[in-house]
Amino acid sequence: MKANSSLNIIRHEIQRVHLILIIVITILLSLGGAFVNVNASDNSFDQNLQDTAELLSRVYKLMMNEPNRDLCQVMDSIGEDLIDVDVISIVSSDNIRIYHTNHQLIDTEYDGTNPDFSVHSHGFYTESNIGPSGPQRRTYCALYDENDNYIGFLMTVALKTSIRSVTYKIILLFLSVTIAAIIIEISICRVFSRKLKKRLMGYEPDTFSSMFKIRDNILESIYDGIIAVDSENEIQFVNKAARKILNCNCDDEKLNLIKQKVFAEKFLVNVMKSGNPSLGLQEESEEGRALMVDCIPVRDNGSICGAVAILHDRSEYTKLMEELSGTKYLVDSMRANNHDFTNKLHVILGLIQIGEYDKAVSYIENISIIQRQTLSAVMSAVDNASFAALLIGKIARASECNVKFILREGSRFKSSDIAIPSEALVTIAGNLIDNALDSMNMLSANPQDSLSRPQELVFGAFTKPGELLITVQDSGCGIPPETGDRIFENGFSTKGPGRGVGMYHIKQLIENLGGTISYESQVGVGSVFMVSIKRKVEGE
């Protein structure tokens, strides 16, 4: 329950903030609108009172000499059509009411406030006052005769109760609109929330927050470096491993360098343009660290929205491959030696059973001497453990195939002379030795050929600073002239379907290392393959 409630905190906070914002903004807008409309309504009342007073003063000027009865009829008819005017009163200069909406007040003395037109040049003005009917808004308009002599004033009155009723209606209208707007906005907010949840694949925002934390912990804990960019080529994510590999520790300037010189514009732009991933790209960091880069486009609804570069430290992979390769070939060597020793044990057992004890002892001593000499020769000539393990295993396998494995005189491989990955060495040498053994196995299928000459495989490995030479010579069946260099084509093989990959692969590998491979062959005599690699020595 605690976990679920904590996961819903963000969603509830978003809903509360949205509701508060919607209600506050709507109320403020409504209050502002109501205030503006009330002021406009008050101004409209004042303007209407002034316009009415001006109109009635003109009517009175026309009818001032007419009987009072006719004046009352005209004024009453006009007053009935005036919605916003509650009282009309005409007062003479001696304060006698000539006309009043309430006819009972006609010809009575006016005891209210006398207007002061001396400060109002227009001859009319509006003010708030209190009369017999209560608080009201009055407009006073001066009356003049034909000779422009002051003869009194006309007063139009709007009761504050009428004004308040209009104000209340305006406020009620805005209150109704505000409530309706809040309800509509809440409904829209809920619809938008459902659509947003659908866009988020059914997850709540708080779930995405938890997923982001989990993703961040996972991406930061893995050993490989990860750099992600968006469609505008802006870096969006760089994990700790990538910063460590590229020696960029929370430095924006360094990150821009990554973008400009290393990954974003060098690799990821092409991936986003083509839409195809680029795997196994070789690169070196500024510190000379060998890297392998995999670039993968990121798609959203079929369109490319960014790309990700995955950085592998090749030195670490090389160490792991060397350990695995060394173990593999040691196991192969043990398996081959086990089979060879089983055969030799059978020979020893037979010698003992027939009573040839001296010969059995001599045979055992010879085996020990040969085994020690073989191991000693390989270990003294090769200082790379994986390479040495491969050769020991292949010597044992050659023995199984009745092939004499000879380490060429003067062979010497020193890792300090030339920097070549161990997996590349074992791949190149292993394939060439296996092909030589296969060639001699094909020869052994013809008894006459196999008896006419010995089956021998001569292997040599020579290094000097910056150079490597590997030679593999066999006494096999040889390569026909019509085959030529097709042996290096992908898929070409004389050994049947599903073969023809090994020579193509090692040729590509040798060329990637900056080397060459060549061969000489004579049908029925044998073949010799030569691999030459030249590389710069560290420090040159």
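Scanning both residues, Ser386 and Val426, for their nearest heavy atoms gives O-CG1, 3.8 Å. Closest heavy-atom contact between Ile98 and Asn68: O-OD1, 3.4 Å. Closest approach of His100 to Ile106, counting heavy atoms only: N-CG1, 3.6 Å. A pairwise comparison of heavy atoms in Leu513 and Ile420 identifies CD1-CG2, 4.1 Å as the closest pair. Between Ile88 and Gly79, the shortest heavy-atom distance links the atoms CD1-CA, 4.0 Å. Nearest heavy atom pair, residue Ala429 against residue Leu390, reads CB-CD2, 3.8 Å.
Here CD1 of Ile510 is found 4.0 Å from CD1 of Ile517. Values are rounded to the nearest 0.5 Å. Atom OG of residue Ser532 and atom CG of residue Leu468 lie 7.5 Å apart, to the nearest 0.5 angstrom. Taking CG of Asp76 as the start and CD of Gln73 as the end, the distance is 8.0 Å to the nearest 0.5 Å. Taking NZ from Lys507 and CD1 from Ile487, the interatomic distance works out to 10.0 Å, rounded to the nearest 0.5 Å. The CG atom of Asn149 lies 9.0 Å from the CD1 atom of Ile151; values are rounded to the nearest 0.5 Å. For the atom pair CD of Glu127 and OH of Tyr125, the computed distance is 4.5 Å after rounding to the nearest 0.5 Å.
Annotation: side chain of Asn384 is not in contact with side chain of Lys414 (no heavy-atom distance under 4.5 Å). Proximity of Ser89 to Met155: side-chain heavy atoms (C-beta onward) are separated by under 4.5 Å at one or more points. Between Ile304 and Met272 there is a side-chain heavy-atom pair separated by less than 4.5 Å. You'll find the side chain of Val308 reaches within 4.5 Å of the side chain of Val298, heavy atoms only. In this structure, Met63 and Val74 have side chains that are in contact, with non-hydrogen atoms separated by less than 4.5 Å. Using a 4.5 Å cut-off on side-chain heavy atoms (C-beta onward), Val531 and Ile428 make contact. A 4.5 Å side-chain heavy-atom check between Phe153 and Tyr140 finds at least one atom pair inside the cut-off.
Asp51 and Gln47 form a side-chain donor-acceptor contact under 3.5 Å, judged by distance and modelled atom types alone. Judged purely by distance below 3.5 Å, without hydrogens or angles, the side chains of Thr516 and Glu511 never pair a donor atom with an acceptor atom. Asp107 and Tyr99 share no donor-acceptor pair across their side chains, judged by distance under 3.5 Å alone.
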* Verdict with reasoning, Leu143 to Tyr60, per side chain to side chain contact (heavy atoms under 4.5 Å, CB included) -> CA-CA 8 Å; Leu143 300 176; Tyr60 176 74; 3.7 Å; yes
Dump the intermediate steps for side chain to side chain contact (heavy atoms under 4.5 Å, CB included) on Leu56 and Thr156, then the final yes or no. CA-CA 9 Å; Leu56 292 175; Thr156 54; 4.0 Å; yes
- Message: side chain to side chain donor-acceptor pair (under 3.5 Å) for Thr139 and Thr126? Distances and angles first, verdict last.
- Response: CA-CA 4 Å; Thr139 294; Thr126 303; 2.7 Å; yes
Exercise. What do the steps show when you test Tyr110 against Asp94 for side chain to side chain donor-acceptor pair (under 3.5 Å), and what is the final call?
Worked result: CA-CA 9 Å; Tyr110 172 73; Asp94 53 359; over 6 Å; no
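Residue pairs satisfying the salt bridge (charged side-chain N to carboxylate O under 4.0 Å, His left out) criterion with at least one member in residues 139-148, sequence neighbours excluded, are absent.
A donor-acceptor contact shorter than 3.5 Å is absent between the side chain of Arg97 and the backbone of Ile90. A donor-acceptor distance shorter than 3.5 angstrom exists from the side chain of Asn239 to the backbone of Ile226, with no hydrogens or angles considered. A donor-acceptor pair is defined here as one N or O able to donate and one able to accept, closer than 3.5 Å; such a pair exists between the side chain of Asn512 and the backbone of Gln508.
For Glu54, the salt bridge (charged side-chain N to carboxylate O under 4.0 Å, His left out) criterion is met by Arg58, not counting sequence neighbours.
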